[in-house]
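The chain is numbered in sequence order, starting from 1. What you are looking at is a predicted structure, and each value in this text was computed from that prediction instead of being measured.
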Amino acid sequence: MRSVTYSMGVSLDGYIVGPDGNFDWTAPDDEVFRFWIDDIRQVGVHLLGRRLYETMLYWETADQDPSLDDAMLEWTGLWKPLPKVVFSRTLSEVQGNARLASGGVAEEIERLRAEPGEGEIAIGGATLAAEAAASGLIDEYRAMVHPVLVGGGIPFFPRDERRVDLELVETRTFSSKFVYVRYRVTR
């Protein structure tokens with residue numbers, strides 16, 4: 001069965017976006033960007049909330065920018081063809097290899113797990129991940145911890161989360177002092 005992973009950058013105090021809506025502190029250096037390129041290769045489909053989808057739209061046409069370096073072109077080459085499912089109450093259409101979700105997160109994950117397919121079902125966006133977590137659907141939590149305290153904003157983990165026991169699967173410290181942690185949900 002395909003695993004469901006939730007992965008995002010997070011401040012040391014636990015937020016994916018600061019209180020002002022800013023997330024400029026999440027920009028990766030070259031080493032971390034290479035890590036994300038390698039990581040996306042394991043993904044078979046990506047579930048996104050509207051805000052993250054709109055942020056990632058840049059990559060649908062980024063390959064037309066002559067100033068892109070090789071790593072950014074490599075990322076674009078992996079991101080563009082990746083199937084995406086967008087959850088939104090306000091969008092009526094999406095671009096690229098994306099479709100609007102026809103049901104809730106639980107229904108979409110159930111359908112995707114039943115379909116033949118390779119790779120992980122990745123979730124991006126805290127609100128979407130919180131809904132999946134409430135249904136016990138997340139198999140792994142992956143956080144790239146950034147060396148910053150933002151003091152509030154949108155939390156990586158929902159504040160009303162039930163207890164979830166985790167097993168540490170991987171840690172990695174980058175030379176820039178980013179720390180990646182990967183936990184598997186124990187069932």
Side-chain angles (χ1 to χ4, degrees), residues 1-10 16 26 28 32-60 71 74-89 91 93-145 154-158 160-172 179-187:
M1 181 165 53
R2 296 167 82 178
S3 63
V4 177
T5 63
Y6 170 41
S7 180
M8 292 195 75
V10 60
I16 63 166
T26 64
V32 172
F33 193 61
R34 169 57 49 198
F35 172 85
W36 288 126
I37 290 171
D38 294 340
D39 186 69
I40 199 72
R41 293 178 194 282
Q42 301 169 45
V43 175
V45 61
H46 207 293
L47 312 183
L48 303 97
R50 180 195 52 80
R51 285 181 292 223
L52 183 58
Y53 165 74
E54 288 175 340
T55 299
M56 296 301 288
L57 269 177
Y58 167 78
W59 297 105
E60 295 299 326
E74 185 178 359
W75 170 265
T76 302
L78 295 167
W79 181 258
K80 278 179 69 169
L82 182 66
K84 299 161 205 75
V85 181
V86 180
F87 293 79
S88 174
R89 293 181 190 94
L91 295 176
E93 61 182 38
V94 290
Q95 300 173 29
N97 193 19
R99 67 173 175 81
L100 284 169
S102 57
V105 175
E107 294 84 11
E108 287 290 337
I109 290 173
E110 184 178 311
R111 189 180 64 70
L112 290 166
R113 282 183 165 166
E115 291 178 354
E118 299 281 324
E120 300 164 350
I121 300 169
I123 295 179
T127 303
L128 194 60
E131 188 177 334
S135 297
L137 296 172
I138 295 181
D139 298 305
E140 287 191 9
Y141 290 89
R142 301 172 179 179
M144 181 66 72
V145 181
I154 299 174
F156 181 87
F157 296 105
D160 59 348
E161 176 70 59
R162 61 181 166 57
R163 177 182 165 146
V164 177
D165 292 321
L166 305 170
E167 170 192 2
L168 181 63
V169 175
E170 178 182 1
T171 63
R172 180 172 170 187
V179 176
Y180 172 76
V181 293
R182 178 176 157 212
Y183 289 93
R184 182 176 301 125
V185 174
T186 57
R187 302 197 197 288

Minimum heavy-atom distance [X]-[Y], with the two atoms named:
X    : Y    : answer
A132 : I138 : CB-CG1, 4.0 Å
S88  : L100 : CB-CD2, 4.4 Å
K84  : W79  : NZ-O, 2.8 Å
I154 : A126 : CG2-CB, 3.7 Å
L168 : T171 : CD1-CG2, 3.6 Å
A98  : V86  : CB-CG2, 4.2 Å

* Asked: Relative to each other, are the rings of F33 and W75 parallel, tilted or perpendicular (30° and 60° limits)?
  ->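 Tilted, since the angle between the ring planes falls between 30° and 60°.
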
* Can you check whether F87 and Y53 have ring centres sitting under 6.0 Å from each other? ->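 No, they do not, as the ring centres are separated by 6.0 Å or more.
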
[atom2] on [Y] to [atom1] on [X], rounded to 0.5 Å:
X    : Y    : atom1 : atom2 : answer
M8   : I16  : CE    : CD1   : 4.0 Å
R51  : L128 : CZ    : CG    : 10.5 Å
D39  : R34  : CG    : CZ    : 12.5 Å
I123 : Y141 : CD1   : OH    : 8.5 Å
Y58  : M56  : OH    : CE    : 11.0 Å
R41  : E74  : CZ    : CD    : 4.5 Å

* No-hydrogen, no-angle side-chain donor-acceptor test under 3.5 Å, E60 and T76 ->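 No, no side-chain donor-acceptor pair sits under 3.5 Å.
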
* For E167, enumerate each residue passing the side chain to side chain contact (heavy atoms under 4.5 Å, CB included) test, keeping only those at least two apart in sequence or located in another chain. =>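 In terms of side chain to side chain contact (heavy atoms under 4.5 Å, CB included), with neighbours along the sequence ignored, E167 is linked to R184, T186.
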
* Does a sphere of radius 6.0 Å around CD in E93 hold more than 12 heavy atoms from other residues, nucleotides or ligands, not counting ones at 6.0 Å or beyond? ->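 Check fails, neighbour count at 12 or below.
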
* Check whether more than 12 heavy atoms from other residues, nucleotides or ligands sit under 6.0 Å from atom CD of E110, and answer yes or no. =>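 Not more than 12 within 6.0 Å, no.
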
Note, [X] side chain near [Y] side chain (heavy atom, < 4.5 Å):
X    : Y    : value
L78  : I37  : yes
L82  : N97  : no
T26  : V10  : no
E170 : V181 : no
V179 : R172 : no
R142 : Y6   : no
V85  : L48  : no

* To do: Look only at the side chain of R162 and the backbone of A133, and say whether a donor-acceptor pair between them is shorter than 3.5 Å.
  =>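 Answer holds: yes.
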
Output yes when [X] and [Y] qualify as a salt bridge under the 4.0 Å nitrogen-oxygen rule, no when they do not.
X    : Y    : value
R182 : E140 : yes
D165 : R163 : yes
R113 : E108 : no
R2   : D139 : no

* Asked: Got a sec, which pairs hit salt bridge (charged side-chain N to carboxylate O under 4.0 Å, His left out) with one end in residues 124-138, sequence neighbours left out?
  ->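 Counting only pairs at least two positions apart or across chains, no salt bridge (charged side-chain N to carboxylate O under 4.0 Å, His left out) contact touches residues 124-138.
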
* Asked: Going through the checks in order, is the side-chain contact (heavy atoms from CB on, under 4.5 Å) test met by M144 and V32?
  -> CA-CA 9 Å; M144 181 66 72; V32 172; 3.8 Å; yes

* **Test side-chain contact (heavy atoms from CB on, under 4.5 Å) applied to H46 and I121, step by step** => CA-CA 6 Å; H46 207 293; I121 300 169; over 6 Å; no

* Full working for side-chain contact (heavy atoms from CB on, under 4.5 Å) between L166 and V185 -> CA-CA 5 Å; L166 305 170; V185 174; 3.8 Å; yes

